[in-house]
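This report concerns only the one structure given below.
Order of the sequence lines fixes the chain letters, A, B, ..., with proteins taken first and strands second; residue numbering starts at 1 for each chain.
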Number of protein chains: 2
Amino acid sequence: MGRSSTAQERLLDAAGDLLHTHGYSALGVAEICARAEVKKGSFYHFFASKQTLTLAAVDAHWTQQRQVWQTLLGTPGRPPLERLRHLLDAQAAAQRADKAGGGSVRGCLLGNLALELSGREPEIQTRLAEIFDEQAALVQGVLAEAAATAPVAADTGTARAVVAQLEGAVLFAKLADDPARLDGLWPAVQRLVRSD
Amino acid sequence: MGRSSTAQERLLDAAGDLLHTHGYSALGVAEICARAEVKKGSFYHFFASKQTLTLAAVDAHWTQQRQVWQTLLGTPGRPPLERLRHLLDAQAAAQRADKAGGGSVRGCLLGNLALELSGREPEIQTRLAEIFDEQAALVQGVLAEAAATAPVAADTGTARAVVAQLEGAVLFAKLADDPARLDGLWPAVQRLVRSD
């Protein structure tokens with residue numbers, strides 16, 4: 001892998017991490033370059049703007065996360081609702097790791113950007129909407145499997161409500177800077193998906 | 001009411017509206033002054049900083065909203081869960097009004113600021129956490145009334161899950177720029193609060 005490819009990767013990594021901590025508006029290209037140890041000229045060789053880099057960082061984040069979601073929701077031999085629980089546990093674990101590692105709960109990168117940039121950055125907004133639709137579709141798939149043998153609702157609205165509950169709970173964990181706010185997530189989701 | 005008092009009110013109103021549309025970081029004192037038709041010198045007569053004004057605007061917003069929550073959740077002669085439904089309907093109506101009036105769904109001012117400023121503005125973060133605790137307590141009160149005659153959970157975790165579902169659903173309405181994303185909120189909350 002050549003030197004230039006590595007600089008691009010470092011910019012993506014730095015942007016993902018700094019966007020998660022500081023959000024979009026409070027973050028400057030200079031800060032991203034400093035963290036990535038890349039000169040500003042090189043930045044503009046790879047990315048036309050902070051907006052372009054943010055879009056690429058969002059894609060890189062979801063490409064990695066999609067793999068996690070698909071693995072946890074598709075584990076063979078495990079009951080479907082237990083797989084959903086493992087996915088939600090993994091989200092809580094990520095917030096605990098953030099708190100243990102960096103000192104504070106940073107919430108969900110995609111949710112943070114969704115609230116900050118909707119109405120202001122249409123391209124990023126569209127991409128985030130597509131990603132959350134993918135998340136809801138993945139949840140809907142596992143609910144449909146569960147519905148074959150249990151009183152579980154597997155419609156799009158229920159799947160979206162599960163993702164909304166996750167995002168809402170993560171918002172409050174971030175606001176309280178307390179990952180324990182996510183302890184009630186699974187009991188709430190269990191009630192949300194009941195169809196009886 | 002003197003001229004100076006009016007300027008202070010205009011600054012508060014302008015800040016509330018502009019923070020809702022643009023968020024905190026993307027908003028400058030100059031823009032707030034221009035909207036309020038107040039000179040920059042007057043701004044600093046009333047408020048030490050954008051941070052101080054934001055705190056005051058958050059308080060003003062919740063003082064007004066608390067009244068709405070208390071009225072809707074406390075309407076005499078109406079069944080408790082129906083009052084909760086009216087509160088959620090009012091939140092959806094506010095998003096529809098935003099869309100109809102300003103062209104796009106702006107989400108929840110408090111939720112937007114919670115995700116943008118947690119970890120960065122401790123004083124605002126603490127105030128927002130207190131406000132959301134008040135919201136959960138108001139919801140818990142109406143759930144407790146409902147639990148007297150129906151299988152309804154009225155613990156703090158359930159009340160917080162209701163507020164989390166509201167915030168999550170509003171996030172997706174903002175991201176999709178579509179108030180109809182809130183149509184499924186009440187069915188979801190009905191399932192969330194069931195105790196049987």
Taking a cut-off of under 4.5 angstrom between non-hydrogen atoms, the residues of residues 167-186 of chain B near chain A are E167(B), G168(B), A169(B), L171(B), F172(B), K174(B), L175(B), D177(B), R181(B)
In Å, rounded to the nearest 0.5 Å, how long is the span from [atom1] of [X] to [atom2] of [Y]?
| X | Y | atom1 | atom2 | result |
| --- | --- | --- | --- | --- |
| R120(A) | S104(B) | CZ | OG | 11.5 Å |
| Q190(B) | L192(A) | CD | CG | 12.0 Å |
| D196(B) | R194(A) | CG | CZ | 5.5 Å |

Can you confirm whether more than 12 heavy atoms, excluding those of E130(B), are under 6.0 Å from its CD atom?
yes
Counting distance only, does the side-chain N/O of Q165(B) pair as donor-acceptor with the main-chain N or O of A161(A) below 3.5 Å?
yes
Side-chain contact test, heavy atoms from C-beta onward, threshold under 4.5 Å: evaluate it for T158(B) versus R191(A) and give yes or no.
yes
Toward chain A, the part of V105(B) with a non-hydrogen atom under 4.5 Å
neither
I need the residue from V193(B), L166(B), N112(B) with the largest number of non-hydrogen atom pairs under 4.5 Å to chain A.
N112(B)
